[in-house]
Structure formats: C-alpha cells, structure tokens
Peer 1: 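The structure under discussion is supplied below as structure tokens; questions concerning it will follow.
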Amino acid sequence: MSSASRSRSWDVHRLPSAQGRSFLVTGGNAGIGYFAAEQLAATGAVVVLGSRDGAKAGAAMASIRARVPGAQVRHLPLDLADLASLRTAVDRLDLDRLDAVVHNAGVALDDPPRRETGDGNELMFGTNHLGHFALTQWLAPLLSAAPAGRVVTVGSFAARSERLDLDDPQSARDYRPKRTYGRSKLAQMCFGFELDRRLRAVGSTVLSVVAHPGGALDSLTPSRPPVCVTTPGERLRAVPAGVLVQGKDAGAWPVVRAVLDQEVLGGQLWGPRVFGLRGLPRREPVPPHMADPAVAARLWAVSAELVGTGDPYLSFR
C-alpha cells in the first residue's frame, strides 16, 4: 500500500485499540502533549503524563477523564531540566514495560536573558534535547521489554530553517532566543533519526520516529478548561489563519499516528499533510540537514558528554 493511500485510510477520529499498552507523554499536561494524551487515552491504553507540576497534571487528568470515560491516566513527576532526577523518576513508573514514550515536553523563551538549568545547561537546549537524551537511556529497558517499543520525538517546523552550531551548542557566545529554541528542536529531531540508526545497528526491536505538529495555534484549539480556554472571540479572529495552520488538537495527530500506526517505520518523519502546516498526518521526506550522519554523530558525542550518563543506545536490546 502506498504512503498516500495509507494516509487516506487512517482515521484520526477512529483510532485503533491499544488496550493493554502503556504510553508516557512528557509535557502531557498542556499543549500538543495534552491532546496527544487525550487521544491516546481514548484507545484504552494506560497513559502516563510526565510533568513537573502536579497541579497542572491533575487538571489535565481530570479533563481527560471527563472526555474519555474509563480513561486510565496517571501522573509521573518529571523534570527534564534536572538530569540527576530522571533515573529516579523512571523507577517510579512502576511498569514492567513501556510501549512508547512521546518526547514532547519543551521550553520556549521569546526574550533574553539567557537562562540555565540547575546543571548549568542553557535552559531550552538542556530541557528540550538533553533531558530527553538522558531520559531515553533510563527508559531503554522498559521500551525493550515491549513487543514493539517506540520512541516518538516531537520536533518543530521551526527546525527546518535552523542549523546546529556544535562549537557553541549551548548558545554561550551568541544567544538569540528564537534561534536557540529552533536549534534545540533541531537537535531533538537529529537525535531521533540517529537513535533509529543506532537501534537498527544493534538489532533492537524498538523504533525511533520523529513527528511535528506543523502550525498549531492556541486560538484555533478547542477549550479544555482549566487546561486551556479559547473564547469564541479568539476563535473568530483566528479563522483566517485556519487556512494555513490549525489547533493543537490537530497538531497532535501526527504524533498519535507515529505512536499507534503499525505501518509507521523507524527513521520516518510525520507531519501535517498541507504544506507541513495543517491537515491529516502523512509521512514527509526527511530534510538533509536533519539526516546528516556526521552531524548527528557529533551531536551525540557532545550530548553524551554534557549528560554524563554514557551512550543511551547501549541500553537497548
């Protein structure tokens, strides 16, 4: 079956059952992560919301349960900016296996000054990329224990126009918030593609897939009070933008497909159908600057040194 025909047959509103499976969504308490968690919960799976804010996670779980009768949702306290806490967090998952992790959580800063994590890493690079890089290692045994585990990394359209500067990965010399954010998402996406190459090299059953939400606006997103509230006026003013972009509920569709679709393969990129900005999920060509093995290998080495936990893929079987 062709990629185009599979895209037409996949119904975002009638997802396949995932009864008996378990998924972890980092940043599952808001934005794309929330809607991915809500949609995955409707499949019958156990969905764990990774979030450092217990109150926000509680509100998100209450919202999901109100919309998905019988939803099995849990909260895992998770702070990706605190590298030393991640192994303990994974121990608290209390699962025999994990069928997929969605690396979604992220920080986006619009203005200076440059900020750092407690570990001394630039906040966006440290949280968005390094936190997920380290988390992958600790989750490896649980993902390997699943029949067909998946690592789904959520990238960004902003990464298309950026290039990594691995001589200054932490933007210590030249900090521009929007560029640093785009580079942090590009690093995540490069990691996702390189991870799959390394998983294939060791014969792992785990797949690594990259997805992005396209253009996803709060003003086009349906309300889920108190998680997110969109007024009728905001939605009306956003109607013209809806020609090119979409809400965060639709932005979650490529992510959810990357988790659930048995036709999805490792190393693929999934995004919205219309110009990569809106519409039903489809497979996209991987931009060359995201798939360069030499750049990815150098990023991997830099990341492993900064994280200080060794090489994540060595933990996979």
Side-chain angles (χ1 to χ4, degrees), residues 26 79-87 90 101 103 105-107 114-141 143-144 149-156 158-176 179-204 206-210 266-269 286-317:
T26 71
D79 185 356
L80 291 163
D82 181 0
L83 296 174
S85 72
L86 297 180
R87 184 174 190 175
V90 169
V101 57
H103 287 332
V107 175
R114 181 180 178 276
R115 295 167 57 188
E116 293 185 349
T117 68
D119 299 309
N121 296 306
E122 189 280 318
L123 185 60
M124 290 183 279
F125 184 78
T127 303
N128 303 356
H129 170 59
L130 293 178
H132 285 118
F133 183 90
L135 180 63
T136 301
Q137 175 172 355
W138 305 126
L139 290 175
L143 290 162
S144 298
R150 293 189 186 185
V151 177
V152 176
T153 299
V154 182
S156 170
R160 290 181 176 272
S161 59
E162 297 297 343
R163 299 296 184 271
L164 295 174
D165 179 359
L166 294 175
D167 292 322
D168 186 24
Q170 308 248 41
S171 301
R173 292 194 298 268
D174 187 6
Y175 178 71
R176 304 178 199 176
R179 187 180 69 178
T180 297
Y181 170 76
R183 287 179 173 178
S184 75
K185 298 304 288 185
L186 175 56
Q188 274 191 276
M189 296 171 83
C190 289
F191 163 69
F193 295 124
E194 177 67 6
L195 176 62
D196 197 72
R197 286 191 288 268
R198 297 186 181 221
L199 291 172
R200 301 288 69 74
V202 296
S204 175
V206 179
L207 303 180
S208 176
V209 186
V210 179
Q268 291 182 342
L269 173 63
V286 179
H289 73 292
M290 296 182 186
D292 186 326
V295 171
R298 190 175 173 203
L299 171 66
W300 195 284
V302 167
S303 303
E305 182 178 358
L306 289 169
V307 166
T309 56
D311 203 330
Y313 90 97
L314 293 175
S315 303
F316 285 97
R317 297 291 182 268

Peer 1: Measuring from Lys185:NZ to His129:NE2, what's the distance to the nearest 0.5 Å?
Peer 2: 11.5 Å

Peer 1: Would you say Leu306 and Phe133 make side-chain contact, with heavy atoms under 4.5 Å?
Peer 2: no

Peer 1: Which pair of non-hydrogen atoms, one from Asn128 and one from Gly106, has the smallest distance, and what is that distance?
Peer 2: OD1-CA, 3.1 Å

Peer 1: Would you check if the side chain of Ser144 reaches a backbone N or O of Pro141 as a donor-acceptor pair within less than 3.5 Å?
Peer 2: no

Peer 1: Checking side chain to side chain donor-acceptor pair (under 3.5 Å) for the pair Thr26/His132: CA distance, chi angles, key distance, verdict?
Peer 2: CA-CA 9 Å; Thr26 71; His132 285 118; 2.9 Å; yes

Peer 1: Contact between Leu135 and His103 at the side-chain level, heavy atoms closer than 4.5 Å - yes or no?
Peer 2: yes

Peer 1: Do Leu86 and Gln137 come within less than 4.5 Å of each other through their side chains, counting heavy atoms only?
Peer 2: no

Peer 1: Using side-chain heavy atoms (C-beta onward) and a distance below 4.5 Å, is Asn121 in contact with Leu83?
Peer 2: yes

Peer 1: So, using salt bridge (charged side-chain N to carboxylate O under 4.0 Å, His left out) as the criterion, who are the partners of Glu122 when residues are at least two apart?
Peer 2: none

Peer 1: Are more than 12 heavy atoms from other residues, nucleotides or ligands located less than 6.0 Å from atom CZ of Arg87?
Peer 2: no

Peer 1: Begin with the C-alpha distance, continue with both residues' side-chain angles, and end with the deciding distance and a verdict on side-chain contact (heavy atoms from CB on, under 4.5 Å) for Leu207 and Arg200.
Peer 2: CA-CA 8 Å; Leu207 303 180; Arg200 301 288 69 74; 3.7 Å; yes

Peer 1: Evaluate side-chain contact (heavy atoms from CB on, under 4.5 Å) for Gln170 paired with Arg114, printing each intermediate quantity in order.
Peer 2: CA-CA 10 Å; Gln170 308 248 41; Arg114 181 180 178 276; 3.6 Å; yes

Peer 1: Find out whether Asp174 and Arg179 are in side-chain contact, i.e. whether some heavy atom of one side chain is under 4.5 Å from a heavy atom of the other.
Peer 2: yes

Peer 1: Heavy atoms only: give me the nearest Ala296-Cys190 pair and the separation to one decimal.
Peer 2: CB-O, 4.4 Å

Peer 1: Quick one, Leu299 and Leu166 - any side-chain contact, counting heavy atoms below 4.5 Å?
Peer 2: yes

Peer 1: Do the side chain of Thr180 and the main chain of Tyr175 share a donor and acceptor less than 3.5 angstrom apart?
Peer 2: no

Peer 1: Working to the nearest 0.5 Å, report the span between CG of Leu186 and CG of Asp165.
Peer 2: 11.5 Å

Peer 1: For Ala81 and Thr127, which heavy atoms make the closest approach, and how far apart are they?
Peer 2: CB-OG1, 3.6 Å

Peer 1: Please report the shortest heavy-atom distance between Leu123 and Thr117, naming the atom on each side.
Peer 2: CD1-CG2, 3.8 Å

Peer 1: Roughly how far apart are Met189 CE and Ser184 OG, rounded to 0.5 Å?
Peer 2: 11.5 Å

Peer 1: Indicate yes or no: at least one non-hydrogen side-chain atom of Arg160 is less than 4.5 angstrom from one of Met290.
Peer 2: yes

Peer 1: Nearest 0.5 Å, please: how far is OG in Ser204 from CZ in Arg198?
Peer 2: 14.0 Å

Peer 1: Kindly compute the distance separating CG (Asp196) from CD (Gln268), expressed to the nearest 0.5 Å.
Peer 2: 9.0 Å

Peer 1: Using every non-hydrogen atom in the two residues, find where Ser208 and Gly192 come nearest and quote the distance to one decimal.
Peer 2: OG-O, 2.6 Å

Peer 1: Dump the intermediate steps for side-chain contact (heavy atoms from CB on, under 4.5 Å) on Leu195 and Trp300, then the final yes or no.
Peer 2: CA-CA 9 Å; Leu195 176 62; Trp300 195 284; 3.9 Å; yes

Peer 1: Do Pro169 and Phe125 have side chains that approach each other closer than 4.5 Å (heavy atoms only, starting at C-beta)?
Peer 2: yes

